[in-house]
Amino acid sequence: MSKADATTRLHIPGTEIEVPADATSHCFALIDCNNFYVSCEKVFDPALRDKPVVVLSNNDGCIVARSNEAKALGVGMGEPYFKYKETIEKNHVRVFSSNYTLYGDMSSRVMSTLAGCTPQIEVYSIDEAFLNLAGCEHIHGYGSLEEFARAIRATVLQWTGIPVSVGIAGTKTLAKLANHLAKKSEKSGGVLSLVDSPYMDRALEKTPVIDIWGVGRASAEKLIKLGITNAKMLRDADSSAVKSRMGVCGLRTAAELKGLSCYDLVDEIEPRKGIISSRSFGNRVETLEALEQAVASFVCIAAEKLRDQKSAAGSISVFIHTSPFLRADRKYSNSTTMHLPQAGNDTGELIHYAHAGLRKIFREGYRYQKAGVRLDNIVPCQTVQANLFDSPNRSRRDRLLKTIDYLNAQMGSGTLKYAAQGHSQTWRTKCELRSPRYTTSWDELAVVGSS
DNA sequence: TCTGGGGTCCTAGGACCC
DNA sequence: TCTGGGGTCCTAGGACCC
């Protein structure tokens with residue numbers, strides 16, 4: 001298919017990142033359930049309507065969902081419960097411990113409703129999905145994308161009781177941004193499209209960098225120091241400045257804000273590359289025996305998930321750490337990875353290795369509050385053949401470009417990652433084949449070429 | 001003249017997402 | 001006093017192999 005060819009073509013000198021040839025022809029919708037966990041609770045108890053409600057994390061430690069009424073009281077997302085206890089009691093906020101079985105079930109109902117609306121859907125998280133809306137409004141006989149999106153929204157609400165917001169745009173990052181604005185704007189009615197929108201610049205201007213999908217706290221701080229405070233400024237920023245602060249991810253985000261799609265819809269569910277089962281203990285755990293018991297039960301959970309996805313673990317990691325809120329000099333953490341002689345998913349065997357790892361790291365520490373276990377799957381490894389160069393007199397840069405041509409021709413898919421590694425007093429080039437999504441940049445090649 | 005070059009695996013940390 | 005859990009990807013350096 002021509003689309004596959006376009007997405008795998010390697011970087012062309014002079015541009016910062018590779019962008020697929022059809023990057024401007026997409027139409028994504030991001031459907032996001034409003035206050036999802038709270039909305040689930042409200043479905044099952046209509047008396048909660050218009051009441052302030054919050055849902056707490058495991059161990060009732062943090063607030064992980066808030067109704068609009070609770071948000072209005074200033075209750076923060078991801079904040080520890082005890083900080084807001086007073087506000088919550090004073091305002092008769094209803095408090096729920098999380099019920100992930102219920103949320104998982106409601107999520108499947110929402111997702112299957114959405115799947116019935118369009119042929120292509122990517123379930124992005126428990127409460128979000130990307131849809132490919134290209135051409136859909138005509139198939140279903142609607143006059144516009146927005147009209148179609150409003151119909152989807154009404155269907156989900158009617159069939160599941162869950163209110164959703166819809167953002168529509170040419171890239172995933174812009175669809176996220178549109179969704180964000182749809183949630184904030186009263187008059188949007190929960191649907192906002194930035195496709196061919198005269199308000200694009202204004203929408204970007206209104207969005208602070210921290211609210212951009214892919215920009216977290218660390219990058220936001222760096223961008224603000226550069227004077228880049230909103231999405232429009234990031235879109236129009238100098239690429240090399242963005243690259244040096246945020247790496248290739250930053251370049252992709254900036255490209256997506258320009259309307260060049262770098263992230264495609266992923267509609268196949270890949271097996272997990274690692275499985276983590278970990279828990280904070282309610283109280284301090286200090287003996288090896290207690291930790292062994294905890295680790296054994298975590299391994300059981302992880303091994304079951306492993307068998308569910310029909311994988312086998314090649315290694316198992318165990319980690320322990322004290323509360324992250326202790327003073328620096330009281331903190332301790334340690335971890336180890338045990339390699340299995342043969343990949344497996346037998347609980348007993350995995351517990352055996354996990355315990356061996358735990359004993360190893362326990363000797364070095366003194367007090368632990370958290371313990372967990374992680375399984376790493378065997379990941380197939382892709383290889384690039386060497387012996388690409390026959391003429392040793394060619395300049396390095398020239399040879400690298402030859403390599404790119406060669407691999408383009410040979411592999412058909414996949415892209416190269418280049419890095420320079422100091423070795424003796426000279427530079428060494430490294431190239432690894434990675435999955436097709438990753439791209440290289442001219443900057444890196446230039447460093448190698450000029451050294 | 002010009003220190004070799006290509007490649008794998010591992011570790012560890014950082015950043016981001018929900 | 002009380003601060004979640006499960007993920008992905010990227011970067012960089014080092015050891016080691018032929």
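No experiment lies behind these values; they were computed from the predicted model shown. Order of the sequence lines fixes the chain letters, A, B, ..., with proteins taken first and strands second; residue numbering starts at 1 for each chain.
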*asked:* The criterion is ring pair (Phe, Tyr, Trp, His ring centres under 6.0 Å); which residues satisfy it with A:Y100, sequence neighbours excluded?
replied: A:Y37, A:Y103

*Does A:N179 use its side chain to pair, donor to acceptor, with the backbone of A:S165 at less than 3.5 Å?*
yes

*Heavy atoms under 4.0 Å is the rule here; annotate nucleotides 12-18 of chain B 5' to 3' with B where the base is hit, S where only the sugar-phosphate is, and - elsewhere.*
---SSSS

*asked:* On DNA chain C, compare the nucleotides closest to A:C62 and A:K305; which residue's is nearer the 5' end?
replied: A:C62

*Would a distance-only check, ignoring hydrogens and angles, find a side-chain to backbone donor-acceptor pair under 3.5 Å from A:T160 to A:L157?*
no

_Between A:S280 and C:dT3, is there a contact of a side-chain N or O with OP1 or OP2 at under 4.0 Å?_
no

_Heavy atoms only, 4.0 Å cut-off, all strands: where does A:S277 land among base, sugar-phosphate and nothing?_
sugar-phosphate

*Mind calculating the distance between CG (A:L56) and P (C:dG5) to the nearest angstrom?*
13 Å

*asked:* Holding to side-chain hydrogen bond (donor to acceptor under 3.5 Å, both in side chains), I want the full list of residues that pass it with A:T253, two or more places apart in sequence or in another chain.
replied: none

_So does A:S280 get a backbone contact from the side chain of A:N59, meaning a donor-acceptor N/O pair under 3.5 Å?_
yes

*With rounding to whole Å, what would you report as the distance between B:dT3 and C:dC18 at their P atoms?*
23 Å

_Nucleotide C:dT3, atom P - distance to NZ of A:K85 in whole Å_ = 12 Å

*Can you list every side chain to side chain donor-acceptor pair (under 3.5 Å) pair that touches residues 207-234 of chain A, not counting sequence neighbours?*
A:Y124-A:W213

*Whole Å only: how far is the CD1 atom of A:I320 from the P atom of C:dG5?*
16 Å

_Those residues that, when tested against A:F36, pass ring pair (Phe, Tyr, Trp, His ring centres under 6.0 Å) (two or more places apart)_ = none

*Dot-bracket encoding of pairs in DNA chain B, which uses [ ] for pseudoknotted crossings and | for another strand, Watson-Crick or G-U under 3.5 angstrom*: ....||||||||||||||

_Nearest whole Å is fine: how far is C:dC9 P from A:I276 CD1?_
13 Å

*For DNA chain C, what residues of residues 68-82 of chain A have any heavy atom nearer than 4.0 Å?*
A:P80, A:F82

*asked:* Nearest whole Å is fine: how far is C:dT11 C1' from A:R252 CZ?
replied: 13 Å

*Nearest-angstrom distance from the residue atom CZ of A:R279 to C1' of C:dG4*: 9 Å

_Tell me every residue that passes side-chain hydrogen bond (donor to acceptor under 3.5 Å, both in side chains) with A:T118, counting only those two or more places apart in sequence or in another chain._
none

_Among C:dG6, C:dC10, C:dT8, the one nearest A:S278 by side-chain distance_ = C:dG6

*asked:* Quick test of your reading: applying side chain to side chain donor-acceptor pair (under 3.5 Å), list the pairs with at least one residue in residues 76-91 of chain A, sequence neighbours left out, ordered by first then second residue.
replied: none

_A:L48: side chain to side chain contact (heavy atoms under 4.5 Å, CB included) partners, not counting sequence neighbours_ = A:E41, A:K42, A:D45, A:V53, A:R94, A:F96

_Expressed as a whole number of angstroms, how long is the span from A:K243:NZ to C:dC10:P?_
12 Å

*Using atom CZ of A:R66 as one end and atom C1' of C:dG4 as the other, report the distance to the nearest whole Å.*
15 Å

*asked:* For residues 31-40 of chain A, which residue pairs pass the salt bridge (charged side-chain N to carboxylate O under 4.0 Å, His left out) check, not counting sequence neighbours?
replied: A:D32-A:K183

*Residues in ring pair (Phe, Tyr, Trp, His ring centres under 6.0 Å) with A:Y353, at least two apart?*
none

